[in-house]
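Keep in mind that the numbers below use all heavy atoms, side chains included, and drop hydrogens, waters and symmetry copies. In what follows, chains carry the letters A, B, and so on, assigned in the order in which the sequence lines appear, proteins first and then strands, with residues in each chain numbered from 1.
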Protein chains: 2
Amino acid sequence: MGVERYDAPDAATVAEVVRAALHEGAVVTAEVDCEVEYDGRTSGYLGRGDRLVVAKPDGTLLVHQPTKHKPVNWMPSGGTVVTDVAEAADQPVIVARRSNPRERVEVRVHETYGLTRFDADDAAEYEESGTEAEMHEYIEANPDCLEDGMRIVEHERETKYGFVDFYAVDASGTPVVVEVKRVQATLTHFDQLQRYVSLYREDGAKRGADTDAGDVRGMLVAPSASTRVKRACRDAGLEFVALPDFETDATDVTDATLADFD
Amino acid sequence: MGVERYDAPDAATVAEVVRAALHEGAVVTAEVDCEVEYDGRTSGYLGRGDRLVVAKPDGTLLVHQPTKHKPVNWMPSGGTVVTDVAEAADQPVIVARRSNPRERVEVRVHETYGLTRFDADDAAEYEESGTEAEMHEYIEANPDCLEDGMRIVEHERETKYGFVDFYAVDASGTPVVVEVKRVQATLTHFDQLQRYVSLYREDGAKRGADTDAGDVRGMLVAPSASTRVKRACRDAGLEFVALPDFETDATDVTDATLADFD
DNA sequence: GTGTTTATTTCGGGG
DNA sequence: CCCCGAAGTAAACAC
């Protein structure tokens with residue numbers, strides 16, 4: 001929980017402080033004028049400018065420009081961050097590497113305005129509600145919200161082409177493949193459902209030519225869908241089901257249900 | 001390009017420095033003990049712990065735990081970041097909001113270890129090569145890499161269900177829909193191609209029942225693909241084409257070509 | 001503004 | 001390890 005601050009440190013200090021901090025589990029932030037080079041999945045170069053550099057002890061490296069959410073260059077956790085001093089120019093150089101995929105970020109520092117070592121102590125974990133997983137739980141507990149008489153047969157059913165959110169059966173016994181989305185449905189989601197339904201229809205056709213191979217319903221469940229998606233569903237014989245106002249307070253419903261068992 | 005540093009500032013100082021910095025276009029970083037609340041697309045809560053908070057003048061807010069690439073909480077650019085002091089506890093509170101979607105991040109600061117104002121001057125833009133766009137250029141210039149006798153008819157052809165990377169014709173005059181991926185092909189990519197091909201086949205069927213409506217080839221081009229994807233392609237009558245070792249050094253080729261014109 | 005697609009996506013879960 | 005799909009995806013780009 002301590003912070004150590006270095007103002008306009010020289011190259012050797014930068015290299016040593018960063019090395020020691022990361023080794024000892026501390027986070028380092030630096031305000032620098034630098035240029036950046038990336039080589040790996042693609043390659044790229046960022047000319048000189050003022051940036052915020054963050055290095056974490058898990059190998060994460062972030063280079064932030066003064067705007068935007070995403071770092072302009074980075075390395076995800078799992079790699080290693082090392083610092084060195086380029087002899088010729090007496091400049092600190094921060095290099096982050098990893099293998100799989102093999103990639104490398106090099107930050108050549110021209111000027112270090114400031115450097116901070118932060119021994120952060122954080123045991124908390126983020127808790128979230130309103131996720132798709134919770135939506136699944138809600139549907140599993142209340143299959144009638146999809147359609148009266150619906151019965152869930154299997155959740156996350158594995159097929160040779162991937163996972164189906166729900167495999168269900170409607171009131172008349174017809175199988176229903178259900179794909180659930182927490183956000184407005186897109187063409188990609190339609191694609192997913194289409195893939196699963198095609199599979200079931202093929203399998204149905206194999207089981208027997210006399211049975212109606214198309215006797216499988218596909219259901220895309222989401223709070224909304226664009227016109228294009230609705231049309232695609234209609235054209236492909238799939239159904240879009242608007243699950244209205246699935247609010248994050250669905251947890252309240254679950255809580256109430258659980259309370260009923262007390 | 002200047003940095004101002006505040007050690008263990010009090011709540012009023014934090015609020016004022018953050019306000020002034022963001023208003024004047026500077027980036028602020030703070031090492032704090034805080035709790036965080038998010039409400040918007042989902043909702044969530046993060047209990048007390050030491051974190052690095054970054055606020056940018058474009059409305060970006062980042063809350064970083066000591067590990068991982070992604071911030072545990074954030075607000076993308078475009079919103080507003082305001083600071084205040086909770087009277088009761090004399091704590092700084094940083095709130096980022098935006099509409100569309102309507103969401104809000106609240107950082108309740110229990111202790112501020114350090115605060116930095118960074119007047120960053122950065123005009124550089126990141127330049128990247130080895131992207132999918134370059135892969136497209138390569139294919140357009142060398143269609144034979146897909147298959148001997150292939151001719152590109154159209155690049156980025158628009159359809160009512162989205163864009164097709166290439167619309168081509170093979171040596172025998174059969175149309176080929178081509179979907180190109182820079183990374184290993186996934187089922188999602190297969191889905192995309194499948195959607196386009198279905199469309200072309202439907203259109204073919206509409207044009208004339210006597211012509212073979214299935215007379216369209218679909219080609220998924222990528223450096224590799226999982227077994228599942230290859231099987232899906234085979235089953236759907238689509239082709240997977242491994243475009244071997246398309247390296248980022250394709251830029252070298254370009255450079256050499258450009259040099260030839262000197 | 002919506003709608004769609006890409007991404008050095010990152011991340012987590014399961015086999 | 002790979003494979004797969006979610007994400008508060010963000011960001012670019014077309015309409």
Short side-chain N/O contact to D/dG8 OP1/OP2 from B/S43, under 4.0 Å = no

Does A/N73 make a side-chain donor-acceptor contact with the base of C/dT8, cut-off 3.5 Å?
-> yes

Minimum-distance nucleotide (side-chain atoms of A/L187 versus C/dT5, D/dG8, C/dT9) | C/dT5

Ignoring the backbone of B/V229, work out which of D/dC4, D/dG8, C/dC11 is nearest its side chain.
-> D/dC4

Could you point out which residue of B/H110, B/R51, B/Q91 forms a side chain to side chain donor-acceptor pair (under 3.5 Å) with B/E35?
-> B/H110

Side-chain atoms of A/R195 come closest, of C/dT10, C/dT4, D/dG5, to D/dG5

Given C/dA7, D/dA6, C/dT8, which nucleotide is nearest the side-chain atoms of A/E103?
-> C/dT8

Side chain of B/K68 only, please: which of D/dA6, C/dG12, D/dG8 is the nearest?
-> C/dG12

Verify the contact: side-chain N or O of A/R228 to OP1 or OP2 of C/dT4, cut-off strictly under 4.0 Å; return yes or no.
-> yes

Give the C-alpha distance, both sets of side-chain angles, the deciding distance and a yes or no for side chain to side chain donor-acceptor pair (under 3.5 Å) between A/H189 and A/E179.
-> CA-CA 8 Å; A/H189 305 143; A/E179 180 67 29; over 6 Å; no

Please state whether the phosphate of D/dC3, meaning OP1 or OP2, lies under 4.0 angstrom from any side-chain nitrogen or oxygen of B/T186.
-> no

Counting just side-chain N and O atoms, does B/R41 come under 4.0 Å of either OP1 or OP2 of D/dT9?
-> yes

How far does the P atom of D/dC4 sit from the matching atom of D/dG8, given to the nearest Å?
-> 22 Å

Are any of B/K70's side-chain N or O atoms less than 4.0 Å away from OP1 or OP2 of D/dA10?
-> no

Candidates C/dT8, C/dT9, D/dA7 - which lies nearest the side chain of B/V183 | C/dT9

Does B/Y126 make a side-chain N or O approach to OP1 or OP2 of D/dA12 shorter than 4.0 Å?
-> no

C/dT6 phosphate, OP1 or OP2: any side-chain N/O from B/Q192 under 4.0 angstrom?
-> yes

Do the side-chain N or O atoms of A/W74 get closer than 4.0 angstrom to the phosphate oxygens (OP1, OP2) of C/dT10?
-> yes

Any A/Q184 side-chain N or O less than 4.0 Å from OP1/OP2 of C/dT4 = no

